[in-house]
Amino acid sequence: MRDNDPVTSATRQPETRTATTPPRLIATDLDGTLLRDDKSVSPRTIAALAAAEEAGIEVFFVTGRPARWMDVVSDHVHGHGLAICGNGAAVVDLHGGPGAHRFVKVRELARENALDAVQLLRDAAPGTVYAVEQTYGFHQEPAYPKLHMEVPDGFAPAEELLAPDSRTAGEPVLKILAHHPALDPDAFLTLARLAIGDRATVTRSSPSALLEISGPDVSKASTLALCCAERGISHEEVVAFGDMPNDVEMLTWAGRSYAMGNAHPDVLAAASGRTVANNDDGVAVVIERLLDERR
């Protein structure tokens with residue numbers, strides 16, 4: 001199922017942030033948030049996630065990771081087993097385990113928009129190199145650095161990879177990755193957003209100058225809003241956690257939100273609360289407190 005309808009409510013700041021609304025859904029980022037720096041899930045966090053599900057609170061993993069990188073948490077899915085991947089570009093059922101996931105919803109980046117974004121950013125930031133993330137495949141330009149934990153499926157210029165008659169044209173594009181070897185990461189993000197405008201959504205989750213470019217109106221927040229609407233869950237009933245700019249819209253939308261102790265300044269400004277760092281089990285600390293409030 002492909003869905004690119006805009007969800008305008010996903011960027012709405014809640015009028016009231018009340019700590020008295022019982023949570024029905026926990027939405028948590030992974031890297032730098034739920035996961036420790038060694039990419040593990042601590043025993044304390046595993047216990048907190050299980051306790052939340054046992055109490056009837058759904059847990060959604062909401063990440064920039066592609067579906068094939070979800071093995072780090074595939075042993076900890078409960079109930080629905082769904083995760084939001086690719087910064088909102090896909091909703092994935094993880095029940096099948098690594099390599100056997102099922103795409104429930106795909107919000108693809110149209111190739112026309114992707115090509116426009118590539119050219120606009122090439123003009124604004126010469127030296128930018130690209131990779132293309134699809135539902136199952138990953139391709140990159142020859143000059144794109146080895147930043148990821150896998151061998152690419154192919155090498156070619158982005159314009160060729162994104163062409164309508166490309167050999168991968170039958171597979172949806174979830175996002176494109178843009179890397180610059182010299183620019184400051186935040187400056188690169190600001191430049192890209194100005195250059196690309198409404199042709200695509202631009203964000204970042206890496207400490208390096210690596211941007212993630214998705215379809216217009218596609219974000220963690222907008223896809224989470226869709227999933228919540230399907231369940232009759234309001235934004236006031238959502239508790240969200242994050243640490244990087246790609247989490248800002250989600251943290252702004254949720255009724256209660258927490259920036260990690262290690263969070264980017266924009267995340268600290270967006271969240272309604274703060275918790276301790278990912279290496280200190282900041283998500284678990286809050287979940288334990290939320291469950292105590294229900295008793």
Side-chain angles (χ1 to χ4, degrees), residues 10-11 27-39 41 60-73 83-92 107 109 117 121 128-133 138 140 144-150 173-181 183-193 196 200-215 217-224 240-254 257-271 275 277-279 282-283:
T11 57
T28 178
D29 173 51
L30 294 182
D31 297 282
T33 300
L34 188 80
L35 303 180
R36 291 185 167 182
D37 287 349
D38 64 2
K39 306 306 179 186
V41 185
F60 264 71
F61 301 126
V62 188
T63 179
R65 285 180 173 234
R68 62 185 177 278
W69 290 4
M70 294 300 288
D71 56 305
V72 291
V73 291
I84 295 172
C85 297
N87 292 327
V91 180
V92 182
R107 306 183 69 201
L109 171 60
L121 191 51
T128 301
V129 290
Y130 297 94
V132 178
E133 182 75 62
F138 179 78
Q140 67 178 59
Y144 186 87
K146 185 173 177 56
L147 299 172
H148 310 289
M149 56 180 80
E150 61 188 327
V173 174
L174 298 184
K175 64 181 179 180
I176 53 178
L177 301 161
H179 180 266
H180 198 280
L183 288 175
D184 170 80
D186 285 329
F188 190 32
L189 176 59
T190 299
L191 178 68
R193 285 175 169 172
I196 294 171
T201 299
V202 187
T203 191
R204 77 177 187 89
S205 60
S206 170
S208 66
L210 177 67
L211 305 182
E212 300 161 66
I213 304 172
S214 306
D217 300 309
V218 174
S219 67
K220 290 185 176 186
S222 63
T223 301
L224 179 61
F241 299 86
D243 73 306
M244 286 296 281
N246 63 331
D247 298 311
V248 165
E249 294 87 353
M250 178 175 73
L251 298 178
T252 302
W253 177 79
S257 59
Y258 294 87
M260 308 304 293
N262 50 289
H264 185 281
D266 289 352
V267 174
L268 294 172
T275 185
N278 62 317
N279 284 334
V283 173

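Treat the numbers as computed from the prediction; the structure is a model and nothing was measured. Just so it is clear, the values below take in all heavy atoms, side chains as well, and ignore hydrogens, waters and symmetry mates.
Atom NZ of Lys175 sits about 9.5 Å away from atom OG1 of Thr203, to the nearest 0.5 Å. Note that OG1 of Thr275 is 8.0 Å distant from OH of Tyr258, once rounded to the nearest 0.5 Å. With values rounded to the nearest 0.5 angstrom, Asp247 atom CG is found 11.5 Å from Asp266 atom CG. Atom OG1 of Thr201 and atom CG of Leu211 lie 12.5 Å apart (nearest 0.5 Å). Expressed to the nearest 0.5 Å, how far CG of Asp243 lies from CG of Leu268 amounts to 10.0 Å. In this structure, Thr28 OG1 and Ile84 CD1 are separated by 11.5 Å, a value rounded to the nearest 0.5 Å.
Across Thr63 and Asp31, no two heavy atoms sit closer than the pair OG1-OD2, 4.4 Å. The heavy-atom pair separating Tyr144 from Phe138 by the smallest distance is CE2-CZ, 4.4 Å. The shortest heavy-atom contact between Met244 and Ser206 is CE-O, 3.6 Å. For the residue pair Arg193 and Val202, the shortest heavy atom distance occurs at NE-O, 2.9 Å. Minimum heavy-atom separation, Pro207 to Pro185: O-CG, 3.3 Å. Residue Ala200 comes nearest to Ile213 through the heavy atom pair CB-CG2, 3.5 Å, listed as atom of the first residue, atom of the second, then distance.
Considering Leu251, Val62, Val283 in turn, Val283 is the only one that fulfils the side chain to side chain contact (heavy atoms under 4.5 Å, CB included) rule with Phe241. Tested against Ser205, the residues Glu212, His264, Lys220 include a single side-chain hydrogen bond (donor to acceptor under 3.5 Å, both in side chains) partner, Glu212.
For the pair Ser222 (side chain) and Ser219 (backbone), a donor-acceptor distance under 3.5 Å is present.
Listed by chain and residue number, Asp37, Met260, Asn262 satisfy the side-chain contact (heavy atoms from CB on, under 4.5 Å) test with Asn278 (two or more places apart in sequence, or in another chain).
Residues Met70 and Phe61 form a side-chain contact, since some pair of their non-hydrogen atoms from C-beta on lies under 4.5 Å apart. Between Arg204 and Asp186 the shortest side-chain heavy-atom distance falls below 4.5 Å. The closest side-chain heavy-atom distance from Leu210 to Leu177 is below 4.5 Å. When side chains are defined from C-beta on, Trp253 counts as touching Leu224, because their heavy atoms get closer than 4.5 Å. Residues Trp69 and Leu30 have side chains not in contact (no heavy-atom distance under 4.5 Å, counting atoms from C-beta outward). Looking at Thr223 and Val91, their side chains come closer than 4.5 Å, going by heavy atoms from C-beta outward.
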### Task
Let me see the working for Glu133 and Arg68 under salt bridge (charged side-chain N to carboxylate O under 4.0 Å, His left out), right down to the final yes or no.
CA-CA 11 Å; Glu133 182 75 62; Arg68 62 185 177 278; 2.7 Å; yes
### Task
Output, in order, the C-alpha distance, side-chain angles, deciding distance and verdict of salt bridge (charged side-chain N to carboxylate O under 4.0 Å, His left out) for Arg107 and Asp217.
CA-CA 10 Å; Arg107 306 183 69 201; Asp217 300 309; over 6 Å; no
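Side-chain N/O atoms of Asn87 and Ser214 include no donor and acceptor closer than 3.5 Å.
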